[in-house]
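All figures in this text were calculated on a predicted structure; none of them were measured in a lab.
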Amino acid sequence: MYQITAAIHYPLDLAGIFAFALCGALLAVRKDFGVFGTVVLAEVTGLGGGLFRDIVLGVTPIAFTDLGYALAPVGAAAIVFFSLTAQRHPMVCEVLDAAALGLFSVTGTMKGLAHGFGPLPSVALGVATAVGGGTFSGVLAREIPPVLRWDQDLYALPAVTGAGGVGALHGMRMLTVPTALWVGIAAFVLRLLALHFHWRAPRSLAWRSRQPAGFPLPGAAVPAFQPTLPPRQNLEHTLRMRSFDVSPHRQAREHTLQLRLPRVEGSSARRTPVPHRAPAHGRDDFPIRR
């Protein structure tokens with residue numbers, strides 16, 4: 001009774017997968033992936049949540065039976081990889097991603113209910129469907145997924161709003177396609193408001209306190225043993241910061257700032273600055289004092 005007709009569900013699914021895949025392709029380009037890596041990350045971002053949902057439900061993933069589901073991320077990857085338009089307007093991709101987030105949080109929950117799951121498992125399945133692709137792509141790109149970070153605009157809460165709203169309507173026996181549509185719109189609007197006003201999840205009290213990082217919290221046990229450097233060991237620490245920017249009228253440029261800390265010989269060695277050396281391969285070595 002919660003099934004959406006195929007004439008409506010199929011194009012909505014493709015649009016949501018395409019929107020998610022755009023964000024995955026942007027992440028791949030930002031990480032300087034090749035064309036194959038960009039396609040892979042787009043596929044994972046667009047199809048990851050749906051694949052996880054179908055595996056939990058014990059049904060054959062539709063991405064393996066319908067070619068359109070596999071081609072939509074390829075198209076998104078091609079647009080991002082071979083054009084600078086999407087890279088110059090990331091907010092457009094964020095808006096499309098917000099729409100897909102609201103859509104999949106609702107349809108994932110409804111699919112769980114249609115397969116006999118209870119309200120709470122269905123809500124969890126809906127949230128996993130909405131955020132699963134982004135989580136998988138973040139792991140592949142060696143980034144903390146936005147759904148887990150406090151310094152990113154609210155992402156999990158809109159998904160919980162969409163999935164939880166469907167679960168609540170099911171409990172009140174008011175779940176229909178129009179009411180589910182309104183819940184999806186509410187999740188979409190919440191995500192847009194979070195992007196506009198930069199609403200974020202609260203941090204832990206340990207990080208919000210004024211106590212400097214690295215010091216024990218009040219009442220915490222102080223370790224009796226603190227490791228020290230072995231004597232007469234030559235150490236050289238290098239910090240590299242890379243930034244990649246795309247100017248509207250210039251080619252893409254990559255800037256690298258490399259900082260080197262001096263070598264330390266023994267525990268009582270004098271702390272002297274590293275002599276400046278000639279730049280190599282266009283990068284400068286900046287000596288600093290410890």
Side-chain angles (χ1 to χ4, degrees), residues 9 12-28 30-31 40-57 61-63 69 72-73 76 90-91 93-113 115 117 119-168 180 183-195 198-203:
H9 187 267
L12 287 179
D13 255 0
L14 292 183
I17 291 171
F18 182 84
F20 277 153
L22 280 177
C23 296
L26 280 175
L27 175 60
R30 196 174 79 240
K31 287 288 186 176
V40 169
L41 213 61
E43 293 280 356
V44 170
T45 310
L47 302 176
L51 288 175
F52 176 81
R53 175 201 63 204
D54 292 342
I55 290 173
V56 172
L57 294 176
I62 194 171
Y69 283 80
M91 186 52 65
C93 296
E94 292 285 355
V95 173
L96 295 176
D97 178 82
L101 184 75
L103 171 67
F104 284 154
S105 64
V106 169
T107 57
T109 307
M110 294 176 68
K111 195 165 185 178
L113 293 171
H115 281 76
F117 279 30
L120 288 180
S122 297
V123 169
L125 191 62
V127 174
T129 305
V131 306
T135 302
F136 296 148
S137 64
V139 172
L140 287 178
R142 299 182 65 182
E143 275 198 357
I144 301 176
V147 69
L148 303 178
R149 298 173 57 179
W150 74 270
D151 57 345
Q152 297 290 322
D153 300 329
L154 290 177
Y155 197 83
L157 185 60
V160 173
T161 300
V166 172
V183 170
I185 293 175
F188 170 60
V189 172
L190 179 59
R191 172 62 177 164
L192 291 183
L193 291 175
L195 289 172
H198 301 291
W199 293 342
R200 295 176 177 178
R203 303 180 73 185

Hits for side-chain contact (heavy atoms from CB on, under 4.5 Å) against P119, two or more places apart or cross-chain, chain-then-number order -> H170
Taking every heavy atom of D153 against every heavy atom of A194, the minimum-distance pair comes out as CG-O, 3.5 Å
Sorted by chain and number, sequence neighbours left out, side-chain contact (heavy atoms from CB on, under 4.5 Å) with A42 holds for A21, A25, P73, A77
Residues at least two apart in sequence or cross-chain that pass side-chain contact (heavy atoms from CB on, under 4.5 Å) with V160, listed by chain then number, are V127
Residues pairing under side-chain hydrogen bond (donor to acceptor under 3.5 Å, both in side chains) where one sits in residues 121-136, two or more places apart or in two chains, turn out to be none
Between V131 and A159, the two heavy atoms sitting closest are CG1-CB, 4.1 Å
Using distance only, find each side-chain donor-acceptor pair of residues 45-56 under 3.5 Å and give its atom names and separation, not counting sequence neighbours.
from	atom 1	to	atom 2	distance (Å)
T45	OG1	L41	O	2.6
T45	OG1	S137	OG	3.3
D54	OD1	K111	NZ	3.1

What one should report as the nearest heavy-atom pair of L192 and A98 is CD2-CB, 4.2 Å
In terms of heavy-atom contacts, C93 and L26 come closest through SG-CD1, 3.5 Å
One should read off an interatomic distance between I17 CD1 and L22 CG, to the nearest 0.5 angstrom, of 12.5 Å
All heavy atoms of A156 vs all of V147, minimum pair found to be CB-CG2, 3.5 Å
CG (L148) with more than 12 external heavy atoms under 6.0 Å
yes
Exercise. May I ask you to decide whether D151 forms a salt bridge with R200, counting only side-chain N to carboxylate O separations under 4.0 Å?
Key: no
Contacts satisfying salt bridge (charged side-chain N to carboxylate O under 4.0 Å, His left out) that involve residues 126-143 (not counting sequence neighbours) are R30-E143, K31-E143
To the nearest 0.5 Å, atom CG of L154 lies from atom CG of L193 at 10.0 Å
Let me see the working for L12 and F104 under side-chain contact (heavy atoms from CB on, under 4.5 Å), right down to the final yes or no.
CA-CA 9 Å; L12 287 179; F104 284 154; over 6 Å; no
For A180, the side-chain contact (heavy atoms from CB on, under 4.5 Å) test, sequence neighbours excluded, returns V106, M110, L175
Sorted by chain and residue number, the salt bridge (charged side-chain N to carboxylate O under 4.0 Å, His left out) partners of R203 (sequence neighbours excluded) come out as none
Distance col, row T161:OG1 vs F188:CZ, nearest 0.5 angstrom, shows 14.0 Å
Separation between CZ (F117) and OG1 (T109), nearest 0.5 Å, reads 12.0 Å
Nearest heavy-atom contact between P158 and A187 is O-CB, 3.3 Å
When L157, L195, I185 are each screened for side chain to side chain contact (heavy atoms under 4.5 Å, CB included) with L190, the one that passes is L157
In this structure, CG of L96 is separated from CG of L101 (nearest 0.5 Å) by 12.5 Å
Output for pair (Y155 OH, E94 CD), nearest 0.5 Å, gives 8.5 Å
Hits for ring-ring contact (aromatic ring centres under 6.0 Å, His included) against Y69, two or more places apart or cross-chain, chain-then-number order -> Y10
